[in-house]
2 protein chains.
Amino acid sequence: MTDNATRTAIIDAGRELFGERGYNAVTIKDVAARAGFSPAMVMKVMGSKAELYTASAPPGPNLDDSGTDEPVGHQLVRRIVARRDHGEAEPWAMVSILIHDAPDPDVARATFRDRYVSRIAERIGDGTPDLRRTKLVVCTLLGLGAGARTLGMLGPDEAESEELIRQYGALVQGIIDGV
Amino acid sequence: MTDNATRTAIIDAGRELFGERGYNAVTIKDVAARAGFSPAMVMKVMGSKAELYTASAPPGPNLDDSGTDEPVGHQLVRRIVARRDHGEAEPWAMVSILIHDAPDPDVARATFRDRYVSRIAERIGDGTPDLRRTKLVVCTLLGLGAGARTLGMLGPDEAESEELIRQYGALVQGIIDGV
DNA sequence: ATTATCTATAGATCTATAGATAATGC
DNA sequence: ATTATCTATAGATCTATAGATAATGC
C-alpha cells in the first residue's frame, strides 16, 4: 500500500488544479509537479487520471452561517461577491465546466447535483418533496457565478459589492420566501 | 482563393460541433467529417483550429418577439424551456463552456459578453449606462441554462413547462421591471 | 525483503504541413 | 495553368506501463 500522505497530497493538488481549469486542461504532469512527485507516482497511486478526478471532486459549497442575522439569500450571494472581490476561484462558476469536461459527465452531473442541491435544501430549509425552491436558488447562484466570473460581467469596478448583494440577494431571498 | 461554399460548409459544421461540445472535445477530423471534406482541407481553408473556432462563434440569442403579448422575462424563459422540452442544445448552457475551453478565453469572453449583453439590453429596453438590469437578466438566464441542462435539474419530468415559465419568468421580469 | 519513487518509453491522438492528384477554366 | 482537394506523415503532447533504484523495516 502506498503512503497515505502521498495520496492526500496528490488528491489535494488534483482538487486545486481541476477546480481551476477543469479536467482536460490539467495533465498528470501538472498534478505531479504541484504535489511534488513524478507523473508515474501519481498514476501508480491513483490508477488513472479519471480515478484521480473522481477522488478530487470538490466538497460542495461551504454554508456555515456563523453569527449573522442576514437573510440566507443575501448570505449566499455575499460569499460569491466576496470571492470576486478577493480574486479567488469561484466554485459556482466551475460546476458547469467540471461536469462538461469530466471523463464521465453523467457521473459528475449526478455527484454535483446531489451535493449542491442537498446542501442548499438543508440551508434554506426546503422540505418540499420536489425541492423546487432549492433548484431555483441553485440556478440563480450558478448564474451569478457564471455571469460575474466566466463572462466577466459585474466586475468589482462596475458593480459595488453591497449594492450587488442587496439586489441579487433580494432576488434569491425572494425564491426562498416563495415568490 | 478557396471555394466560398466549402468555407461556409466548414464553418457551419464547426459551429454545430463546437456549440455542442466546446473547443477541445471537437477535432479537425470531426469538423471535416461533418462538412464532408478531409482534415487537410479544413486546415487549408481555415488556417488553424483556433481561427476556425473564431469564425464559428455562435450568433447569440435569438430574441425575435413575433406576435405575443407575454412579458419579455417570460418570453426569454419560454425559449429555454422549449429547447429543454424538445431536447435541443441550449446556448445559454454552453456559454461558460465555450469561453473556458476557448484557445483564447479573454477574446471569447469579450465576444460573448458584447453579443449577449447588447442584445438583451436592446430587447428589454435597458437604457442605463451601466446596464445593470441587463447583466442581472443575463445571469439568471445563464443560471437556468446551466441548472436545467448541464446539471440536469428541472427536467421535463420534474418541472412542468408552464409552471416553470411562470415562476422563473416572473423572477426575470422582476429584474426588468426594477425589483 | 518490502515499500516508495523514479526514469524511460510505448502507444495513442491530435494539429499542421508537404507534396501529389484531380477538376476546372482559358 | 490554376484551383480544389486528398494522402501521407512529421512533430508535439499526453496517459499509462515496465522496469530500475533508493529508502525503510525487520
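All values below were derived from every heavy atom in this structure, side-chain atoms included, with hydrogens, water molecules and symmetry-related copies excluded. Predicted, not measured: the structure shown is a model, and the values here were computed from it. Each chain gets a letter, A, B and so on, in the order its sequence line appears, and its residues count up from 1.
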Exercise for the section: With the side chain counted from C-beta on, respond yes when A:S38 and A:M41 share a heavy-atom pair under 4.5 Å apart, and no when they do not. Expected result: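 Side-chain contact under 4.5 Å: yes.
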Practice task
Would you write the dot-bracket representation of DNA chain C, where each base gets (, ), [, ], | or . depending on whether it forms a Watson-Crick or G-U pair under 3.5 Å and with which partner?
Solution key: ||||||||||||||||||||||||..
Practice task
Can you establish whether the number of heavy atoms outside A:E122 located under 6.0 Å from its atom CD is more than 12?
Solution key: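 For A:E122, atom CD is not crowded (no more than 12 foreign heavy atoms under 6.0 Å).
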Handout entry: A:M43-A:Y53 co-clustered via ILVMFWY side chain contacts under 4.5 Å
Key =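 In one cluster with A:M43: A:Y53, yes.
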Below 3.5 Å is the cut-off: list the nitrogen or oxygen pairs between protein and nucleotides 10-16 of chain C, distance only.
from	atom 1	to	atom 2	distance (Å)
C:dT15	OP1	B:K49	NZ	3.0
C:dT15	OP2	B:I28	N	3.1
C:dA16	OP2	B:K49	N	2.8

Give the rounded distance in Å between these two atoms: [atom1] of [X] and [atom2] of [N].
| X | N | atom1 | atom2 | value |
| --- | --- | --- | --- | --- |
| A:M46 | D:dT17 | CE | C1' | 17 Å |
| A:M41 | D:dT21 | CE | C1' | 14 Å |
| B:F37 | D:dT3 | CZ | C1' | 13 Å |

Practice task
Give, for atom NZ of B:K135 and atom CG of A:L144, the distance between the pair rounded to the nearest 0.5 Å.
Solution key: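 Atom-to-atom, B:K135:NZ and A:L144:CG are 13.0 Å apart.
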Practice task
For A:S161, enumerate each residue passing the side-chain contact (heavy atoms from CB on, under 4.5 Å) test, keeping only those at least two apart in sequence or located in another chain.
Solution key: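 Testing A:S161 for side-chain contact (heavy atoms from CB on, under 4.5 Å), a comparison that skips the adjacent residues, returns A:V81, A:R84, A:D85.
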Closest non-hydrogen atom pair between [X] and [Y], with its separation:
| X | Y | result |
| --- | --- | --- |
| A:W92 | A:G145 | CB-CA, 4.4 Å |
| A:E90 | A:R83 | OE1-NE, 2.8 Å |
| A:A159 | A:L154 | CB-CD2, 3.9 Å |

